Amino acid sequence: MRKLVKNNVSWVGYIDWELETFHGDDYSIKNGSSQNAYLVEEEKTVLIDTVWTPHRFDFVDNLKKEIDLNKIDYIIANHGECDHSGALSALMAEIPDTPIYCTAQCVKSLEGQYGKHGWNFHTVKTGDTLEIGNGKKLIFVEMKMLHWPDSMATYMTGDNILFSNDAFGQHFAVEELFNDKADQCLLYKEAIKYYTNILNPFSALVAKKLEEINGFNLQIDIIAPSHGAIWRERPQQIVEKYAQWAEAYQENQVTVVYDTMWEGTAKIAHRIAEELHRQSPETVVKVFSISKADKNEIMTEVFKSKAIVVGSPTVSNSIISSVAGWLEFLKQLKFKNKRAAAFGCYGWSGESVKILQERLRDAGFEVIEETVRSLWNPEESDFAAIPALVSSLLK
Ligand code: FEO
């Protein structure tokens, strides 16, 4: 079913209330999601993006109920990832000669995933335009590495809509489509989670791209991303957030992250949190067990933090596997401008804290020297090291 976005622009995507994970199981979905596709019906009829592969036949069937597919003059593929291109094969089986406008990298991505079918590709670069009638045109803007090499945004003049694809999106199901209709707390939570887990590694490019788009002096009335709410009420608010998030973002928060075998490392974690609060009552302090909390949501809290404290017991001369995997993910997200400290229990060899410090340095954190290490169960004599760790971390 189509939903009106503005004038002759409709949403024709898929709201995925049942989705639980994304990118395989690597990204948790707590509040549904959507794959947003758009139909523009000016003198020319244009389809912008499609939906994820499992929904391809429903997508084509629904589209057929709205228009004669042969009326589609152009398809715009802003991004080759299968959550937006997954219905292309089914659609092209019906209208095989329809021109597809996308970047050169997107052609590689689409042919790499779906095979070479002789589709009628028209490759575009930043600044290229496509007239769609009624005095309106589409302007293409390459969004290289935001977040794939092929990513692109499309701006529609006249209605001043930026179809931004993944940028400014959220994994968040909003039946009423628009940001002003969404639960505002969830909208912010899902937008920052999306930025942290998908876009943060490319923050330097985000900052440059925002400058470039600002330089075009385009009036943007609506930002229509490919996931989640469409920003029609003060769309600039999410651009402003991206500008802040792209600049080594931090709030006055410290996050303690740990895993534990027999609760010793957990006890240290909570004592560190208490001391953080004692020394700096205005600082937000959060504590997460890596094996119990959602890893994407922990990363979002890390993104908001000025410092983190990471704990692991020593296991087989190393760190516990849950923390090891989490640290690998932490490194991938390329956080900047954050401090870190390490702690942990051990029974005999006791390597975990040193290994944690090395891994945190490797992940780009400024690691302080002070640590808390406890032989067997932590006692008051072990906790005595906590105030120095906390005061050094808060400096
Ligand atoms: Fe929503 Fe990069 O795909």
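As the structure is a computational prediction, the values presented were derived from the model and not from experiment. All ligand and atom numbering here is 1-based and tracks the order in the structure. All values below were derived from every heavy atom in this structure, side-chain atoms included, with hydrogens, water molecules and symmetry-related copies excluded.
- Counting only distances under 2.8 Å, and ignoring water, the protein N, O or S atoms around atom 2 (Fe) of ligand 1 are His79 NE2, Glu81 OE1, His147 NE2, Asp166 OD2.
- Listed by first then second residue, pairs satisfying side chain to side chain donor-acceptor pair (under 3.5 Å) with a partner in residues 51-61 read Asp16-His55, not counting sequence neighbours.
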TODO: Begin from the C-alpha positions of Asn337 and Tyr249 and carry the test side chain to side chain donor-acceptor pair (under 3.5 Å) through to its verdict.
DONE: CA-CA 8 Å; Asn337 191 29; Tyr249 185 70; over 6 Å; no
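- Contact between Leu389 and Ile368 at its shortest, heavy atoms only, is O-CD1, 3.4 Å.
- Considering Tyr194, Trp231, Phe168 in turn, Phe168 is the only one that fulfils the ring-ring contact (aromatic ring centres under 6.0 Å, His included) rule with Tyr242.
- The atom of His227 nearest to atom 1 (Fe) of ligand 1 is NE2, with the search restricted to N, O or S atoms.
- Across Lys338, Arg339, Arg361, Lys306, a single residue satisfies salt bridge (Lys or Arg N to Asp or Glu O under 4.0 Å) together with Glu366, and that is Arg339.
- For the residue pair Glu81/His23, the side-chain donor-acceptor check at 3.5 Å is satisfied.
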